[in-house]
Engineer: 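Structure below; questions to follow.
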Protein chains: 2
Amino acid sequence: MSTDPIALAQGVLAGDRRSVARAITLIESTRADHREAAERLLHEILPQAGRSIRIGITGVPGAGKSTFIEAFGLHVVEQGHKLAVLAVDPSSPRSGGSILGDKTRMEDLSRDIRAFIRPSPSGCTLGGVARRTREAMLVCEAAGFDVVVVETVGVGQSETAVADMVDMFLLLLVPGGGDELQGIKKGIVELADAIIVNKADGDLAVAAKRAARDYTNALHLLTPASAAWTVPVLTCSALERGGIAEVWTAIGGYRQTMAAIGRFDERRAEQAHAWMWNEINETLLQTLKDDSSVATQLPALEREVTAGRMAPGAAARRLIKAFRHGN
Amino acid sequence: MSTDPIALAQGVLAGDRRSVARAITLIESTRADHREAAERLLHEILPQAGRSIRIGITGVPGAGKSTFIEAFGLHVVEQGHKLAVLAVDPSSPRSGGSILGDKTRMEDLSRDIRAFIRPSPSGCTLGGVARRTREAMLVCEAAGFDVVVVETVGVGQSETAVADMVDMFLLLLVPGGGDELQGIKKGIVELADAIIVNKADGDLAVAAKRAARDYTNALHLLTPASAAWTVPVLTCSALERGGIAEVWTAIGGYRQTMAAIGRFDERRAEQAHAWMWNEINETLLQTLKDDSSVATQLPALEREVTAGRMAPGAAARRLIKAFRHGN
């Protein structure tokens with residue numbers, strides 16, 4: 001792979017899809033020289049990034065996420081937008097990934113020139129995957145994609161990471177007889193800026209309406225993230241492509257409402273600030289873990305602490321001393 | 001203050017209340033020599049710590065937390081236990097603290113020889129307060145207090161910190177016409193191992209029962225933290241001291257259930273492990289922030305990042321470079 005970051009950045013800025021793909025591959029690389037080139041690339045494209053609406057989507061397996069994203073994506077590009085779909089799925093290696101691993105799941109959308117679909121990077125840690133996805137998002141924006149969808153599975157810590165990198169977070173559910181939230185991890189409902197009950201078609205049409213009503217009632221028990229926005233519960237049929245326009249309208253409404261109170265830019269500024277400190281945190285910790293004195297002492301100290309034989313604070317100070325002074 | 005940690009540790013281990021108070025004061029001190037003495041003290045008492053049930057309690061102002069803790073505490077000591085009450089309230093300085101600042105709020109309990117009440121330390125950051133409270137908990141345990149209550153207000157980040165240091169987390173609510181959770185921060189309900197609706201007396205008795213039923217229904221929409229434990233919703237009247245025995249019974253049931261599946265010890269081991277890494281994290285970050293090269297560059301970099309003019313990752317790496325190499 002040629003890693004001339006300036007040339008690559010020019011390709012990205014010209015909207016060249018192959019350049020976008022290669023830039024993201026560069027960003028995902030863990031090689032030190034690639035990392036340096038990626039930094040250079042990001043520096044070049046940054047002034048043109050940020051001009052999109054960033055949408056996070058989660059839902060349990062079986063909620064119909066791919067079908068929804070395809071229907072949603074086709075609607076959005078038909079409205080004249082350019083759409084990028086990224087994924088955060090720390091659990092699956094790229095080859096056999098459970099989400100977006102198989103582009104044929106979104107056959108029509110993946111063939112559309114106005115859309116760009118990218119599976120989850122094969123980074124091992126959630127932190128690593130999230131970091132790369134954030135940067136990939138900037139690349140897509142710089143290439144002119146003005147709607148960026150970040151997909152994740154609704155069963156882990158990844159939802160918080162995704163909610164922290166997008167402007168709006170959607171939760172996709174299916175009607176299921178009152179137990180719809182079983183399988184959704186605690187706290188995810190509260191991250192949602194909108195809830196969408198999918199599969200409102202055929203036999204499930206009535207159940208979907210009822211589920212939407214139930215969620216609306218349940219949401220009354222939760223304090224809203226913003227007094228200016230009441231989390232809507234919509235129904236749709238991704239299969240029959242019904243109700244999709246309403247979702248896009250709700251997203252527009254959210255954006256407008258948040259922008260009007262200055263919250264849209266404020267949220268982004270907060271996210272950028274938190275992202276910087278996350279990076280500092282992770283890099284510092286990694287440097288500590290990579291330190292040979294630390295590595296020597298860590299296993300025994302962790303054992304003592306979890307067994308309750310050593311105070312966690314004492315172990316922490318011992319390790320930091322090893323890190324700073326090599327003993 | 002004499003800071004001979006060995007003598008102080010002996011006093012603590014003998015169950016001397018004044019030694020406990022002085023040991024906690026030592027732990028709360030930020031002076032470097034005090035910190036060293038505190039370490040030594042903790043090392044001495046650690047083998048005798050851990051033998052308590054650690055209970056976190058939160059609730060909005062007005063939920064009757066003090067009245068509840070007093071009624072609960074008196075019940076518990078009458079059962080033959082020794083009870084310590086600590087507080088985590090990063091928002092209030094000790095002098096004018098909104099919780100436990102005024103011991104007269106718990107007049108009967110604070111006069112009871114079997115109870116020990118300690119207001120929130122005056123540390124500024126939540127991390128600092130949480131760290132000191134964790135260590136104070138160990139001191140109380142080593143002194144023979146076998147029930148430790150950690151109180152916090154239900155309006156900030158402190159609930160997560162408290163939930164992460166206790167065996168069981170209680171949420172205290174009041175009946176309030178369907179809007180009971182307004183004012184409770186998002187996500188707090190999901191931390192609760194039991195919910196207690198207080199003020200089930202007089203005119204509110206019926207409303208309290210109804211609120212308990214509503215919460216029970218709402219909880220069905222959330223995935224339980226453990227399949228072995230269904231979060232109970234109890235009602236009580238702290239004022240009339242009714243329903244308090246049932247709360248204590250529920251705590252016993254929780255402890256037994258968790259112990260039976262090995263989850264009690266496992267949760268503690270996880271907490272100790274997380275605590276160690278938290279300490280490492282916080283100490284590393286503080287060291288970085290205290291670094292003069294970092295301090296010089298930080299304001300400008302934070303400005304660039306929040307304005308979207310600099311990639312957060314690039315700013316992070318610049319700061320870490322300054323920290324590690326002084327430029």
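All chains are named by letter (A, B, ...) in the order of the sequence lines, taking the proteins before the strands, and each is independently numbered beginning at 1. FYI, side chains are in, hydrogens and waters are out, and symmetry mates aren't considered; it's all heavy atoms of this structure.
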Engineer: Is chain B contacted by the side chain of A:Arg134, its backbone, both, or neither, given a heavy-atom distance below 4.5 Å?
Structural biologist: neither
Engineer: Which atoms of A:Glu135 come close to chain B, meaning under 4.5 Å heavy atom to heavy atom: side chain ones, backbone ones, both, or neither?
Structural biologist: side chain
Engineer: Relative to chain B, which segment of A:Arg324 carries a heavy atom at a distance below 4.5 Å: side chain, backbone, both, or neither?
Structural biologist: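 For A:Arg324, side-chain heavy atoms alone lie under 4.5 Å from chain B.
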Engineer: Do the side chains of B:Leu298 and A:Met276 get nearer than 4.5 Å, heavy atoms only?
Structural biologist: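 Side chain of A:Met276 against side chain of B:Leu298, heavy atoms only: contact under 4.5 Å found.
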Engineer: At what distance, to the nearest 0.5 angstrom, does CH2 of B:Trp277 lie from CG of A:Leu288?
Structural biologist: 5.5 Å
Engineer: Quick check for you: among A:Ala49, A:Ala315, A:Ala316, which has the greatest number of heavy-atom pairs under 4.5 Å with chain B?
Structural biologist: A:Ala316
Engineer: With only heavy atoms counted, which part of A:Ile320 is less than 4.5 Å from chain B, the side chain, the backbone, both or neither?
Structural biologist: side chain
Engineer: Just so I know, are the side chains of A:Arg35 and B:Arg317 near enough to count as touching, which here means a heavy-atom distance under 4.5 Å?
Structural biologist: yes
Engineer: Which residues from residues 39-48 of chain B are near chain A, with near meaning under 4.5 Å between non-hydrogen atoms?
Structural biologist: B:Glu39, B:Leu46
Engineer: Can you tell me how far the CG atom of A:Leu319 sits from the CG atom of B:Leu284, to the nearest 0.5 Å?
Structural biologist: 10.0 Å
Engineer: What distance do B:Lys289 atom NZ and A:Ile280 atom CD1 have between them, rounded to the nearest 0.5 Å?
Structural biologist: 8.5 Å
Engineer: A quick test of your reading: do over 12 heavy atoms of other residues, nucleotides or ligands sit less than 6.0 Å from CD of B:Glu36?
Structural biologist: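 Incorrect, the count does not exceed 12.
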Engineer: Can you tell me which of A:Leu301, A:Thr283, A:Asn281, A:Thr287 forms the most heavy-atom pairs within a distance under 4.5 Å of chain B?
Structural biologist: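 Between A:Leu301, A:Thr283, A:Asn281, A:Thr287, the count favours A:Asn281.
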Engineer: Can you give me the closest heavy-atom contact between B:Thr306 and A:His273, atom names plus distance?
Structural biologist: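 Distance-wise, the nearest heavy atoms are CG2-CB, 3.7 Å.
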